[in-house]
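Convention: sequence-line order gives letters A, B, ...; per-chain numbering from 1.
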Amino acid sequence: MEPQVTLEGLNPRQLEAVESGDGPLLVVAGAGSGKTRVLTHRIAHLLSTGRARPGEILAITFTNRAAAEMKERVEALIGPPARAMWVTTFHSACARMLRGDAERLGYTRSFTIYDEGDAVRMIKSVMAELEMDTKALPPKRVKARISGAKNELIGPEEFMAAADTWLGEQVAEVYALYEKRMIENNAMDFDDLLVRMVNLLELFEDVRTRWQKAFHYVLVDEYQDTNHAQYRLLKLLAGEKRNLMVVGDEDQSIYGFRHADIRNILDFEKDFPDARVVKLEQNYRSTQTILSGANAVVANNRDRRPKELWTESDQGEPIQIVSLSDEHEEARWVAGEVERLVTEVGIDTEEIAVFYRTNAMSRVLEDTLVRFGVGYRVVGGTKFYERAEIKDAVAYVQYLVNPSDAIAFSRIVNSPRRGIGKTTLGRILTHANTVGENIWQVASEPEKVPGLGSAAVRAVDSFQATMSELRDLPEDRDVAEILESILQRSGYMEALEAERSIEAQGRIENLEELISVAREFDLNRGLEGTSDIPPLEEFLQQISLYTEQDKLIEQQELLTLMTLHNAKGLEFDAVFIVGCEDGVFPHSRALDEGQEEEERRLCYVGMTRARKRLYLTSARSRGPRGGFTEVNGPSRFIDEIPDDLIERQGSAPGIATVRSYRAPGSGSSPVTASPRATEPVAVAVGDDVVHASFGEGVVIGSEPGGVIVIRFAADGSERKLMAEYAPITRR
DNA sequence: CACATCTATCTTTTT
DNA sequence: GATAGATGTG
């Protein structure tokens, strides 16, 4: 009766993983070794052999994009029944499970999910309440500390008890009140989704057994990126059946900064001594040269199992190491090479990608690509759902669904302008906190708020009247319709239209896009018609957990630009990694924090995205950013690639080009030193100097013992000199 | 209270 | 070289 799933074309290791029996299973899957294939085939195999029904499968990924892809691929194998499976991200799975039992933890089922910005705003308001100095202690930093605690499943009391520094105590105080206010607002941040679900499973036996019974098999992708809370969640869900399959690669663990714990994968066998372990080392993606290069780089890490990717494909092209004078020349070189690859080599533009370490680096590339006439798309970066107008529109919906949401209220009460300024808002919020009523109630009786003038009372009354009308809209109306009503009746659209500016027009278009997203949501819901959650709430949940990178627009003829982090899970014929300079990549701050190994893994991830051609480019000088020019040596990772795999090219070194990009009159702008440099002498790395006999040059490094390295413009030579005695002057 | 102007800081990565 | 927040003005 079940459709036969073919296991042909799987290699012996893959087959072993797919057909493995019950119990814990770890698949160590190197880059490009077909791990998604193994996951999807295993699911299909479990279903087709009758070991599980679709509803009994929980498959977890980190991004919605990966989840959608997996679902699609299983559906291709076994057909429509696949739709009943839970194939989602950690966060959506938790949100979905939490809806039913959130009441037990003091939330209602309509709780709001706060994004990073909302959460930071809440932290800020809590800190204001505690009269803390947000300059001495930035809310973002506090948020990061609290987030770290939550991911370790450390609650406010425990955190407070362990706090032994001034900073720790401050954070502990904020943490405690933040938690209180979040529950009062009926809101959860991203971390809460995980923590609260763990709480539910640990505290309530009936909840635990219910979910343990529901899922017969739990499968996890990208296991190396799980944090402690996620690990506990998985253990709880797998229960005594322990049918837990995790797939991952410690070499691709790049989310340590988000508290991912690489130990989870390294210690899986300790955790489950009877675990079956399958290693996938055959790569089906890249040339041998690219693999050898990536292997050589990552081999410098200590925190890993020995592993060596191999392939049956040929050597292919050497890895291109390109050195350019500055980021503009780098961008021009990349644009030119992309054109060459397309016209002369015959690679499709959409099969080419450019990766960079930080989002800010896309700007110069974009400018240059526009001038070259190369079409491109940027994945990630400024997100649609973080635009002010979108957040406003969403906040309206949030407030209607969750009348306790003070953050949403604060956002929309004076947007569009209604004459309710920060004084009035502050009084309302304080009053709500004082009397302990939710914000909707307080706003409905503004005359009871102390200190409000009659004008303010009238303004709040009229706002609240509109909101009540909107809330009374029939429940079964389409989300798109409700959204449109909100934007009309609130006066939001009207205010934008009245502006008559280009920006306002852009905002209107964005809002129209949001409405069409809602329309699509309505349509899909009509088709599936399975959800147990009211449409408006489900819509909110979906978009709060949606990020730009989930968008899988495969438009044609477009070059792809993205950060290295966003590149995980993708592959391209040709890959450019720009900004391969020490201090940029590896990032100086990561080095400061002892994250060199993670940076190296990031490099490994980037390199292994390439099928045929790989370029690592560096600029000898980068900037000026706020007047600062960085002069860095090539990335240490480049040095780790064996010479016989690479081919070097690029412009001749010289300082003339560096100079020409400086604004007139800023010739003596200050210079940042490379992170490794020490400055025993009066010149710093990046200084332009003149030598009595060698002429103009630039300081490119310094070494212990007062030795500086200078590259001279005349012949491009690099010379080591004793700073104290060298006949040089700064210019 | 709203609006304009100035300023500091950003830029590591994101569910 | 943008943007959010702070400060000042009407």
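Donor-acceptor pairing under 3.5 Å, judged by distance alone, is present between the side chain of A/His91 and the base of B/dT15.
As rounded to the nearest Å, C/dA4 and B/dT13 have P atoms that lie 16 Å from one another.
Checked against B/dT11, B/dT15, C/dG5, the side chain of A/Lys124 finds its nearest nucleotide in C/dG5. Residue A/Arg258 places its side chain closer to B/dT15 than to any other of B/dT11, B/dT15, B/dT13. Listed candidates were B/dT15, C/dA2, B/dT14. Nearest to the side chain of A/Arg363 is C/dA2.
In terms of phosphate contacts, A/Asn359 brings no side-chain nitrogen or oxygen within less than 4.0 Å of OP1 or OP2 of B/dT12. Residue A/Arg589 places at least one side-chain N or O under 4.0 Å from the OP1 or OP2 atom of B/dT12. For B/dT13, neither phosphate oxygen OP1 nor OP2 lies less than 4.0 angstrom from any side-chain nitrogen or oxygen of A/His565.
Residue-to-nucleotide proximity on DNA chain B shows that, of A/Ala456 and A/Lys140, the 5′-proximal contact is made by A/Ala456. Ranked by how close their nearest DNA chain B nucleotide is to the 5' end, A/Arg427 and A/Thr563 are led by A/Arg427.
Helical stems in DNA chain B, defined as runs of 3 or more consecutive Watson-Crick or G-U wobble pairs with donor-acceptor distances under 3.5 Å: B:1-10 with C:1-10.
Here the closest heavy-atom approach between residue A/Ile577 and residue A/Gly606 is recorded as CD1-C, 3.8 Å.
Rounded to an integer number of Å, the gap from A/Glu116 CD to B/dT13 C1' is 12 Å. Between the CZ atom of A/Arg601 and the P atom of B/dT13 there is a distance of 18 Å, rounded to whole Å.
Classification of A/Glu640 and A/Arg636 as a salt-bridged pair fails, no side-chain N sitting under 4.0 Å from a carboxylate O. Ion pair A/Arg600/A/Glu596 flagged as a salt bridge, since at least one NZ, NE, NH1 or NH2 atom sits closer than 4.0 Å to an Asp/Glu carboxylate oxygen. Under the 4.0 Å criterion applied to side-chain N and carboxylate O atoms, A/Arg622 and A/Asp326 are not assigned as salt-bridge partners. Salt-bridge check for A/Asp192 with A/Lys150: passed, with a basic side-chain N closer than 4.0 Å to an acidic carboxylate O. A salt bridge does not link A/Asp225 to A/Arg258: none of the charged nitrogens lies less than 4.0 Å from a carboxylate oxygen.
Residues forming a side chain to side chain contact (heavy atoms under 4.5 Å, CB included) with A/Lys124 (at least two apart in sequence, or on another chain): A/Thr134, A/Pro139.
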Sort me out a list of protein N/O and nucleotides 2-6 of chain B N/O pairs below 3.5 Å, or just none if empty.
unit_1: B/dA2; atom_1: OP1; unit_2: A/Gly419; atom_2: N; d: 3.0
unit_1: B/dA2; atom_1: OP1; unit_2: A/Ile420; atom_2: N; d: 3.3
unit_1: B/dC3; atom_1: OP2; unit_2: A/Arg417; atom_2: NE; d: 2.9
unit_1: B/dC3; atom_1: OP2; unit_2: A/Arg417; atom_2: NH1; d: 2.6

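Among the heavy atoms of the strands lying under 4.0 Å from A/Thr424 are primed sugar atoms or P, OP1, OP2 only; no base atom is included.
At a threshold of 4.5 Å between non-hydrogen side-chain atoms, the residues A/Leu564 and A/Phe585 count as touching.
A cation-pi arrangement is absent between A/Arg601 and A/Tyr604, since the terminal nitrogen or guanidinium carbon is not both under 6.0 Å from the aromatic centre and inside a 45° cone about the axis.
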